[in-house]
Number of protein chains: 2
Amino acid sequence: MARPCPTGRHDEHNVYAENCPCRALLDLISNKWSALVIGMLDERSAVRFSELQAALPGVGSKMLTQTLRRLEAASLVERSVYAEVPPRVEYTLSELGRSAAVPLGQIRAWAEEHIDQVEFLNRKWSEQN
Amino acid sequence: MARPCPTGRHDEHNVYAENCPCRALLDLISNKWSALVIGMLDERSAVRFSELQAALPGVGSKMLTQTLRRLEAASLVERSVYAEVPPRVEYTLSELGRSAAVPLGQIRAWAEEHIDQVEFLNRKWSEQN
DNA sequence: CGGCATCCTTCCGGATACTG
DNA sequence: CAGTATCCGGAAGGATGCCG
């Protein structure tokens, strides 16, 4: 199915190869919002669109929709529509998504634990507060 | 030094808080190129600009410079200029950068190991090859 | 070699308004 | 409620040229 990439790690795929599909996957989850969305879904299991937006201050509905659609297309996230009034839509992680949540959680944890060592960002933040 | 964020995990910082500086740090390393640059530097220790660019097909010199400057400002990367002819500039990971390389390496590994399960991206890739 | 400056195009992404 | 549609400004980012 998956043809090998030019220079292979893991036998077949290599994120350093320009047009290995796994680089697109890396880009997808290396997105600014993806790590946060996946983290929320990992904590709460089934989350509605509006809950998600409330939990992610700063994201617009357009951005959130885009992010969810991309994650859904890559089958990291599943979308369930309930034909009710008012309509209800819930998002959940697929099994694949849950496996991604592990390393992504470590990245978030790393950022929270090491920010104190990054003077530059702390200073920028102090200035605007 | 670092004032606590509104809603704190790890006592003080929380990537889900809109203006917690650690979100900026997360954004920095969740960047498309950052994970790859940090991965290269982690493998090879001291790398010249042109080596780096050659190892990262698809990146322009402008993008690479930007990425390196940002990582340097956040003290994840150190830059050494040798006054020679021709000039030589080498980049290395700081200790902080090396600590970030661990979870970033796991993200890259995850992408390489799970791409086969993502039909959508594989199909897109097949079509253009 | 390793940039920075400049130009120029693309498209990201916010604001707003509207629908099933 | 959970979006889509449209518009639009500004930033991302490629190409080119010059410099120490």
Side-chain angles (χ1 to χ4, degrees), chain A residues 18-19 23-24 26-38 40-41 44-74 77-93 121 124 128, chain B residues 18-19 23-24 26-38 40-41 44-74 76-93 124 128:
Chain A
E18 182 163 18
N19 40 22
R23 186 188 267 188
L26 180 62
D27 290 350
L28 175 66
I29 62 176
S30 293
N31 170 273
K32 168 171 178 159
W33 295 111
S34 292
L36 297 176
V37 167
I38 290 174
M40 287 305 309
L41 295 180
R44 301 202 198 166
S45 62
V47 190
R48 304 182 62 164
F49 184 88
S50 50
E51 287 182 273
L52 216 38
Q53 188 166 20
L56 271 40
V59 74
S61 66
K62 185 177 176 180
M63 259 302 88
L64 184 54
T65 300
Q66 269 185 25
T67 303
L68 287 166
R69 288 291 181 283
R70 280 196 287 250
L71 293 173
E72 193 192 353
V77 159
E78 280 153 14
R79 181 171 180 266
S80 308
V81 182
Y82 300 92
E84 304 170 358
V85 179
R88 182 166 53 106
V89 178
E90 286 185 346
Y91 294 91
T92 54
L93 284 186
L121 292 177
K124 275 181 50 175
Q128 71 182 186
Chain B
E18 182 164 20
N19 39 22
R23 188 188 265 189
L26 180 62
D27 289 350
L28 175 66
I29 61 175
S30 292
N31 171 273
K32 169 172 177 157
W33 295 111
S34 293
L36 297 176
V37 167
I38 290 174
M40 287 305 309
L41 295 180
R44 300 201 197 168
S45 62
V47 190
R48 304 182 61 163
F49 184 89
S50 50
E51 287 181 275
L52 216 37
Q53 188 166 20
L56 271 40
V59 73
S61 66
K62 184 179 176 179
M63 259 303 86
L64 184 54
T65 300
Q66 270 186 23
T67 302
L68 288 166
R69 288 291 180 282
R70 280 196 287 250
L71 293 173
E72 192 191 354
L76 293 176
V77 159
E78 280 153 14
R79 180 172 180 266
S80 309
V81 182
Y82 300 91
E84 305 171 357
V85 178
R88 182 166 52 107
V89 178
E90 285 184 346
Y91 294 91
T92 53
L93 284 186
K124 275 182 50 177
Q128 71 183 186

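Chain identifiers are assigned alphabetically (A, B, ...) following the order of the sequence lines, protein sequences preceding nucleic acid strands; residue numbering begins at 1 within each chain. Any value given below was found using the heavy atoms of this structure, including those in side chains, with hydrogens, waters and symmetry copies removed.
Rounded to whole Å, the distance from CG on L64(A) to P on dT4(D) is 11 Å. When rounded to the nearest whole Å, the span between CZ of R70(B) and P of dA11(D) equals 14 Å. In this structure, L28(B) places its CG atom 16 Å from C1' of dA12(D), rounding to the nearest Å. Whole-Å rounding puts the L52(A) CG to dG3(D) P distance at 10 Å. Taking atom NZ on K32(A) and atom P on dG13(C), their separation rounds to 8 Å, with Å as the unit. Across the protein-nucleic acid pair, L68(A) atom CG and dA2(D) atom C1' stand 11 Å apart, rounded to whole Å. Between E18(B) atom CD and dG14(C) atom C1' there is a gap of 13 Å when expressed in whole angstrom units. The separation between Q66(B) atom CD and dA5(C) atom P is 12 Å, rounded to whole Å.
Heavy-atom nearest nucleotides on DNA chain C were determined for M63(A) and for Y91(B), and the one closer to the 5' end corresponds to Y91(B).
Within the 4.5 Å cutoff, the side chain of T67(A) has no heavy atoms near those of the L36(A) side chain. Taking 4.5 Å as the limit, every side-chain heavy atom of L71(A) sits out of range of all side-chain heavy atoms of L93(A). Residues M40(B) and L56(B) have side chains in contact (heavy-atom distance under 4.5 Å, counting atoms from C-beta outward).
In this structure, the nucleotide among dA2(D), dT4(D), dC4(C) sitting nearest to the side chain of R69(A) is dT4(D). When the nucleotides dC1(D), dG3(D), dC4(C) are ranked by their closest atom to the side chain of P86(A), dC1(D) comes out on top. Comparing dT6(D), dA2(D), dG13(D) by their closest approach to the side chain of K62(B) singles out dG13(D).
When all heavy atoms of E90(A) and R48(A) are compared, the pair lying nearest together is CG-CG, 4.0 Å.
Going from atom CG of L52(B) over to atom CH2 of W33(B) covers 10.5 Å, rounded to the nearest 0.5 Å.
For R88(B) and dG2(C), the shortest distance from a side-chain N or O to OP1 or OP2 is not below 4.0 Å. Checking the phosphate oxygens (OP1, OP2) of dG2(C), no side-chain nitrogen or oxygen of R79(B) falls inside 4.0 Å. Applying the 4.0 Å criterion to OP1 and OP2 of dG2(C), one finds that S50(B) has a side-chain N or O inside that range.
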